[in-house]
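Following: one structure in structure tokens, then a few remarks.
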Amino acid sequence: MTVTPAELIRPEILALQAYPVADAQGLIKLDAMENPYSWPDELVTEWLATLRDTPLNRYPDSQARALVQQMRASLELPAEVELLLGNGSDELIQLLALTLAGAQGERRVVLAPEPSFVMYRMVATFTGLDYVGVPLRPDFSLDTAAMLHAIRTHRPALVFIAYPNNPTGNLFDTGALREIIAATPGLVVVDEAYGAFAEASFINALAEDDNLLLMRTLSKSGLAGLRLGYVLGAAHWLREIDKLRLPYNINVLTQRSVEFVLRHRAVLDMQAGWIRQARTELQAGLTQLPGIVTYPSQANFILFRVPEGQAGAVFNGLKYQGVLIKNLHPVGGLLHDCLRVTVGTSAENRRFLDALGGLL
Ligand SMILES: *Cc1c(COP(=O)(O)O)cnc(C)c1O
């Protein structure tokens, strides 16, 4: 038999593009919200020593009990808040969608403001849910009335709110978010991927709203290579989601390494402080450049707008000078002429600002 992909695979999947990751070889990498700092040598040595005795021939603990216990203590979680680990929060977004997907032919909706994190739409599409994006206002604040109207119209099973938002960097209004949580007939996932760099969190709202889940990741705080995200929420929700998790999703090196890092949390906290400081400097540097409009950020990146029609040239010019950032102009909509730069070290940020200044 010969059979083509087009005959066998759903049109929505044929139409998808695999998640694009730029080749950053040899470039200053300011495109993916990574923490630019490594660890002091003594810490690396100590970490390697803990890995020495890790058995690679055995499956990892499928419940990651030691790690979960340590995370609970570290986050000071109250007993009624449950914690579920994912292979990055990307995996958790997928698990949430799979858990809430409708039966054959039943329409289920995932709703999120736009622009926001692209995985919400991608995952909804390939897990067979309908995706509804509700445009933010031109200043990237939530259009509360439009959100509430869309929620009443589409009755979403799942709402994703990135807080701070990616790629815009801002926190949404707390009151607006509370209204959205109250109005949503499904689950609302507040995605705090950038919580380490922000001044606010919805963690205290977990006790009050049964349909609220909080999602976080260690990726942006300095452990992107380990892939560990988590969801916090009521046990009766997380128990159901856990049934769809593949049994050994958190590998043993990640479990042991994160346990180690949690014993040395001060290092990551200190680095987050450096990044927040560097963000202020980067923001100030960008503001001084002619023709640049910047947007306030509570995350470890800054969104900025260049004069009309120049985003592609600016992106390529920076890359030619060895600096990789993210061009968001091709996304269209509110992101026309916008680019996003991750906060790097002071030296990297200066290289970026010098290169950008030369291009304008
Ligand atoms: C980066 C990011 C994630 C994904 O994080 P991983 O844990 O690395 O999969 C989730 N949500 C938002 C808003 C992000 O920007």
Side-chain angles (χ1 to χ4, degrees), residues 18-22 24 29-36 64 67 71 83-98 110-124 126-127 131 133 136 140 142 158-172 177 187-198 200-202 213-233 241 245-246 249-251 254-255 257-258 261 268 272 275 279 295 297-303 325-326 328 331 335 338 340-343:
Y19 185 81
V21 178
K29 196 170 183 314
L30 302 178
D31 66 324
M33 283 77 98
E34 291 144 330
N35 170 339
L67 175 56
M71 289 180 74
L83 183 153
L84 178 68
L85 299 179
N87 191 334
S89 36
D90 286 348
E91 186 190 41
L92 293 165
I93 296 169
Q94 185 180 51
L95 284 176
L96 283 157
L98 286 170
V110 173
L111 185 142
E114 291 233 301
S116 191
F117 188 42
V118 292
M119 290 306 289
Y120 306 149
R121 176 196 287 272
M122 264 190 85
V123 166
F126 66 62
T127 53
Y131 176 84
L136 294 171
F140 303 126
L142 269 182
L158 193 51
V159 173
F160 284 107
I161 309 268
Y163 182 84
N165 191 35
N166 172 15
T168 58
N170 56 315
L171 287 171
F172 296 125
L177 258 178
L187 293 179
V188 177
V189 179
V190 172
D191 180 351
E192 296 189 347
Y194 301 96
F197 314 103
S201 166
F202 259 69
L213 300 179
L214 207 70
M215 189 165 67
R216 290 184 178 167
T217 173
L218 300 182
S219 295
K220 313 299 162 49
S221 318
L223 302 173
L226 289 179
R227 313 298 299 129
L228 191 78
Y230 55 97
V231 172
L232 304 176
I241 300 162
R245 180 179 63 83
L246 296 177
N249 64 328
I250 312 299
N251 76 72
T254 296
Q255 292 190 30
S257 299
V258 176
V261 176
L268 291 194
I275 291 167
R279 175 180 70 199
Y295 295 92
S297 172
Q298 292 267 316
N300 64 341
F301 59 84
I302 294 174
L303 185 78
I325 66 167
K326 177 89 177 170
L328 291 162
V331 176
L335 293 175
C338 283
R340 183 190 68 198
V341 60
T342 302
V343 178

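When a ligand or atom number is given, it counts from 1 through the structure's own listing order. Here the structure is a predicted model, which is why all the values come from computation and not from measurement.
Between R279 and I302, the closest heavy-atom pair is O-CD1, 3.7 Å. Scanning both residues, F202 and E192, for their nearest heavy atoms gives N-OE2, 2.6 Å. In plain terms, the two heavy atoms of M215 and V231 that are nearest each other are CG-CG2, 4.0 Å.
Using cut-offs of 30° and 60° for the angle between ring planes, the F160 and Y120 rings count as parallel.
The residues lining ligand 1, counting any heavy atom closer than 4.0 Å, are G88, S89, D90, F117, Y120, A162, N166, D191, A193, Y194, T217, S219, K220, R227.
Side-chain contact between P167 and P115 is present, with heavy atoms from C-beta onward closer than 4.5 Å.
Taking the ring pair (Phe, Tyr, Trp, His ring centres under 6.0 Å) definition, one finds that Y230 meets it with nothing, sequence neighbours left out.
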